[in-house]
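Take a look at the structure below.
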Amino acid sequence: MKFMKLGSKPDAFQTDGGDSRYVLSELPSDIVIYVEEARFYLHKFPLLSKSSMLQRLIIEASQNGTDEVFIHDIPGGVKTFEICAKFCYGMVVTLNAYNVVAARCAAEYLGMTEDVDKSNLVFKIEVFLNSGIFRSWKDSIIALQTTDSLLPWSDQLKLAARCIDSIASKATSNPCNVVWSYTYNRKSASSDEIVEARKNSQPVPKDWWVEDLCELDVDLYKRVMVAVKSRGRITSDAVGEALKAYASRWLPECCDAAVIDDDAYSMAYKHLLETIVWLLPSDKGSSCCSCRFFLKLLKVAVLIGTGELLKEELMDRVVLQLHKASVSDLLIPARPPAPTTYDVQLVLTLVGRYMRRAGVAEDGIFLNNLDQEMFETDVDDESLLALSKIVDGYLAEVASDPNLSVPSFVALATSMPDAARATHDGLYTAIDIFLKLHPNLPKAEKRKISSLMDVKKLSKEACIHAAQNDRLPLRVVVQLGSLKLAGVAADEGGDDGRRLARVSSVANQSSRLSLSSRSRRIFDMLWAGGKLPGGEVVSKSSDTSGSSQSPRSSAKPPESKSSSSSSRNRRYSVS
C-alpha cells in the first residue's frame with residue numbers, strides 16, 4: 001500500500017481519555033474548536049495560516065467575545081479534522097488509501113488551498129493521489145470504497161470518478177502489461193491469495209481483475225462495470241465471469257423465511273439482483289453466462305418476490321440454454337401460498353417457451369415456422385433429447401411431493417414431444433414414485449398416469465421391474481405381457497410349432513421365477529390362449545403403448561357357475 005508522510009514535528013496531540021484533545025505546548029491554548037462530540041484546545045496562529053474557513057470562524061468568534069468555534073459537518077468527522085489540525089502545526093501525518101479521500105474532502109471544506117498558503121494540504125494530497133493512489137490497483141479500489149461515506153464532497157471533487165477511471169483503465173489493459181498485485185482465488189488458486197504479477201512469469205489470466213472488484217458496494221460496482229464495458233476492450237465472457245463472481249460473493253444460496261420477511265434484506269437483494277441483470281451483456285444469445293447462473297438469479301428473484309419484468313428477463317435468458325440445465329438447477333422453491341415444495345408452474349412455463357422456440361406446439365406436433373417474436377436460436381435433436389432427460393429427472397424429484405396434483409404431473413410429463421424421448425425409463429421411474437407417494441388415487445387417475453408411458457420404449461430392466469410392480473394397473477401388466485409374447489413370436493417366426501412350444505415353456509418357467517404372483521398368473525393365461533378370467537380376450541398384436549383404453553373383447557363373459565368362480569372373475573378383471 002502506498003503512503004505519504006507530511007510534516008516533521010513529533011505528534012504532540014494528547015487526550016484526557018474523554019472527548020477533549022489538546023496540544024502539548026508551553027503556550028496555553030487560546031481557541032476551543034468543537035467538532036461533533038469532541039473538543040480541541042488549540043492555538044489560533046497555526047490554524048489561521050492554513051485554513052480560510054477557520055480564519056473566518058475565529059474572527060467571528062473574537063468579534064462576539066468568545067473563544068469557541070463550532071464545526072458540525074466536516075467530511076470525515078473528528079479523525080479527519082485532527083489530521084488537518086496536525087498539518088497546520090507541522091506535525092507528522094501519514095496519508096494512505098484509507099484516509100486520503102476523507103482528508104482531501106476535509107481540506108477542501110476548511111479551505112486549505114494555495115490561496116491561503118503555498119504547498120498547502122490540498123496541493124500535497126493531490127500530488128499523492130496522482131503519483132501514488134491512482135497508480136495502484138489495490139489502493140484505487142480501497143480509496144473508492146471510502147467515497148460513499150463522504151458524499152456529496154467526494155462526488156463534487158470528482159474523487160469517486162477518478163478512482164473509477166483508474167480502476168477501469170487497469171482492468172481493460174493488456175494482461176501482458178499487468179505488473180501489480182491482484183487477488184485471484186479461482187481456477188488455478190486453491191484458496192484466497194495475493195498474486196504478484198511479474199514479467200516473464202506465468203501468463204496473467206484475462207479475468208485477473210474480477211475478484212478484487214467483488215469487495216465494492218453494489219452501486220460503486222455498477223459504476224465501475226459501466227466504465228469497464230464502455231471502453232470496449234472487455235469481452236462478453238469476461239463481463240459474465242465478473243458478474244458471476246460478484247453474485248457468488250453477495251447473493252445467498254438460499255433465502256429462509258426470516259430473510260424473505262425482512263424488508264431491509266429483501267430490498268437490498270432486489271437492488272443487487274436488478275443491478276446484476278442490468279449489467280448483463282445485451283446479446284441474450286451469447287454464452288457469457290451459464291444456464292445454471294441464470295437459474296440461480298431466477299431462484300433468488302422468485303424467493304424475494306421481484307417484479308415481473310426482471311423475472312421475464314431472466315426467463316428469456318434461461319430458455320435459450322434450458323437443455324444445458326441440471327435437475328438440481330430447476331429445483332426452485334415455490335413461494336407461499338403455493339401448495340408444492342418446488343415451483344412446478346415456473347418449470348412448465350420454461351419448458352413451454354423452449355418448445356415454442358423449437359417449433360413444437362403444445363400438442364407435441366413440430367411446426368414448420370418458429371414464432372417470429374421468439375429468439376432465433378437453433379434447437380437440434382440432441383438438445384431436445386437432453387431436455388427430455390432433464391424433464392424426466394425433474395418429474396421424478398417432484399413426484400415425491402404429496403401435494404403435487406395429477407394435472408400438474410400430467411402437464412410436466414406431456415410437456416415434451418414423444419419424439420424427444422428415446423426411452424421411457426425415466427418417465428416410468430417418475431410414474432412409479434408418484435403412484436407410491438399417492439396411494440389413494442382413484443383407478444381412473446392411476447390409469448391416466450400410467451398411460452403416459454409407452455411400454456414399447458422401456459428397457460429390458462424397466463420391463464421386468466414394471467411387470468412386478470403392483471402399483472401399476474393390471475392393463476399395463478397385460479400390455480407388458482403382450483409385448484413379451486410379440487417379441488418371442490418375432491424371434492421364432494420361422495420355426496415350427498414344436499420349437500415355439502419349447503420356447504414358450506422355457507419363457508413361462510422364467511416368468512414364474514422372476515415375476516410377482518399377480519403378473520405370473522396373467523402371463524400364464526396369456527401363454528395359454530390370451531384369455532383372462534371372465535372371458536376377456538387380449539390380442540397379442542394389440543397396441544402395447546401406454547394407452548389407457550381397455551383391451552378389446554371378442555366374447556361376452558360366460559355366466560358364473562359358483563360364487564367362488566364369480567369372486568375369481570372379479571379379482572382378475574382388467575381395471
Side-chain angles (χ1 to χ4, degrees), residues 1-15 20-27 29-33 35-36 38-58 69 71 73-147 149-150 153-154 156-160 162-163 166:
M1 177 181 290
K2 305 287 184 180
F3 66 92
M4 182 180 188
K5 284 191 175 182
L6 303 176
S8 57
K9 297 179 182 179
D11 186 352
F13 267 67
Q14 301 290 322
T15 180
S20 298
R21 292 166 173 77
Y22 55 92
V23 179
L24 289 177
S25 173
E26 296 178 355
L27 298 174
S29 63
D30 53 7
I31 187 72
V32 181
I33 300 180
V35 181
E36 298 175 351
R39 297 186 300 273
F40 287 85
Y41 295 88
L42 305 176
H43 305 85
K44 294 179 182 178
F45 178 74
L47 305 178
L48 292 171
S49 65
K50 297 291 185 181
S51 169
S52 61
M53 181 183 187
L54 289 177
Q55 287 177 4
R56 177 175 59 81
L57 293 176
I58 290 173
V69 170
I71 299 176
D73 54 355
I74 182 172
V78 175
K79 289 184 178 180
T80 308
F81 177 79
E82 186 171 325
I83 290 175
C84 295
K86 288 179 179 179
F87 177 80
C88 293
Y89 278 89
M91 297 178 186
V92 175
V93 175
T94 301
L95 298 176
N96 54 46
Y98 290 100
N99 63 16
V100 66
V101 174
R104 175 65 180 87
C105 293
E108 189 73 23
Y109 174 88
L110 294 172
M112 302 177 74
T113 63
E114 296 300 286
D115 296 337
V116 180
D117 189 29
K118 288 187 177 181
S119 295
N120 211 341
L121 186 55
V122 167
F123 172 79
K124 289 185 178 295
I125 290 178
E126 283 296 326
V127 170
F128 179 50
L129 286 171
N130 294 321
S131 63
I133 298 298
F134 296 147
R135 290 190 178 187
S136 167
W137 166 252
K138 293 273 191 179
D139 288 349
S140 295
I141 294 174
I142 293 171
L144 178 60
Q145 289 176 294
T146 67
T147 60
S149 61
L150 297 166
W153 285 92
S154 58
Q156 292 174 1
L157 297 174
K158 301 188 183 303
L159 292 170
R162 291 160 71 188
C163 288
S166 169

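Residue numbers start at 1 and run along the sequence shown.
Summarising the geometry of Leu157 relative to Cys105, their closest heavy-atom pair is CD1-CA, 3.9 Å, with the distance given to 0.1 Å. Taking every heavy atom of both residues into account, Asp117 and Ser49 meet most closely at CB-O, 3.5 Å. Ala106 approaches Thr80 most closely through the heavy-atom pair CB-CG2, 3.1 Å. Between Lys124 and Ser119 the shortest heavy-atom distance is CE-O, 3.2 Å. When every heavy atom of Lys50 is checked against every heavy atom of Cys88, the shortest pair comes out as CB-SG, 3.5 Å.
We find the CG-CZ distance between Leu95 and Phe87 to be 9.5 Å, quoted to the nearest 0.5 Å. Here the CZ atom belonging to Phe81 is positioned 10.0 Å from the OH atom belonging to Tyr109, to the nearest 0.5 angstrom. One distance of note links CD of Glu126 with CD of Glu114; it measures 10.5 Å at 0.5 Å rounding. Between the CD1 atom of Ile133 and the CG atom of Leu159 there is a distance of 11.0 Å, given to the nearest 0.5 Å. Glu82 CD to Met91 CE: the interatomic distance, rounded to the nearest 0.5 Å, is 9.5 Å. Rounding to the nearest 0.5 angstrom, the gap separating the CE atom in Met112 from the SG atom in Cys84 is 5.0 Å.
Side chain of Asn120 to main chain of Val122: no donor-acceptor pair is present (N/O by atom type, distance under 3.5 Å, no hydrogens or angles). Without hydrogens or angle criteria, His43 side chain to Leu27 main chain gives a donor-acceptor distance under 3.5 Å. Under a 3.5 Å cut-off, the side chain of Ser51 and the backbone N or O of Leu110 do form a donor-acceptor pair. Checked by atom type and distance alone, the side chain of Asn130 never pairs as donor or acceptor with a backbone atom of Val127 at under 3.5 Å. Between the side chain of Asp139 and the backbone N or O of Ala97 there is no donor-acceptor pair closer than 3.5 Å.
In this structure, a donor-acceptor pair under 3.5 Å is present between the side chains of Ser166 and Ser140. One side chain, Ser20 or Arg39, offers a donor N or O that lies under 3.5 Å from an acceptor on the other.
Aromatic ring centres of Phe40 and Tyr22: separated by at least 6.0 Å.
The side-chain heavy atoms of Glu108 and Trp153, taken from C-beta on, include a pair separated by under 4.5 Å. With contacts defined as side-chain heavy-atom distances shorter than 4.5 Å, the pair Leu42/Val32 does not qualify. Put simply, the side chain of Leu121 reaches to within 4.5 Å of the side chain of Leu6, judged on heavy atoms. Considering only heavy atoms from C-beta on, Tyr89 stays 4.5 Å or farther from Lys9 through its side chain.
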Arg104 and Leu150: side-chain contact (heavy atoms from CB on, under 4.5 Å), yes or no, with the steps? CA-CA 10 Å; Arg104 175 65 180 87; Leu150 297 166; over 6 Å; no
Apply side-chain contact (heavy atoms from CB on, under 4.5 Å) to Met4 and Val93, showing your working. CA-CA 8 Å; Met4 182 180 188; Val93 175; over 6 Å; no
Walk me through it: do Tyr98 and Met1 pass the test side-chain contact (heavy atoms from CB on, under 4.5 Å)? CA-CA 10 Å; Tyr98 290 100; Met1 177 181 290; 3.0 Å; yes
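Atom CZ of Arg56 is surrounded by more than 12 heavy atoms from other residues, nucleotides or ligands within 6.0 Å. Heavy atoms from other residues, nucleotides or ligands lying under 6.0 Å from NZ of Lys2 number 12 at most.
For Lys86 and Phe13, the positive end sits near the middle of the six-membered ring, less than 6.0 Å away and at most 45° from its axis.
Classification of Glu36 and Lys79 as a salt-bridged pair fails, no side-chain N sitting under 4.0 Å from a carboxylate O.
A side-chain contact (heavy atoms from CB on, under 4.5 Å) with Ile31 is found for exactly one of Val69, Leu57, Leu48, namely Val69.
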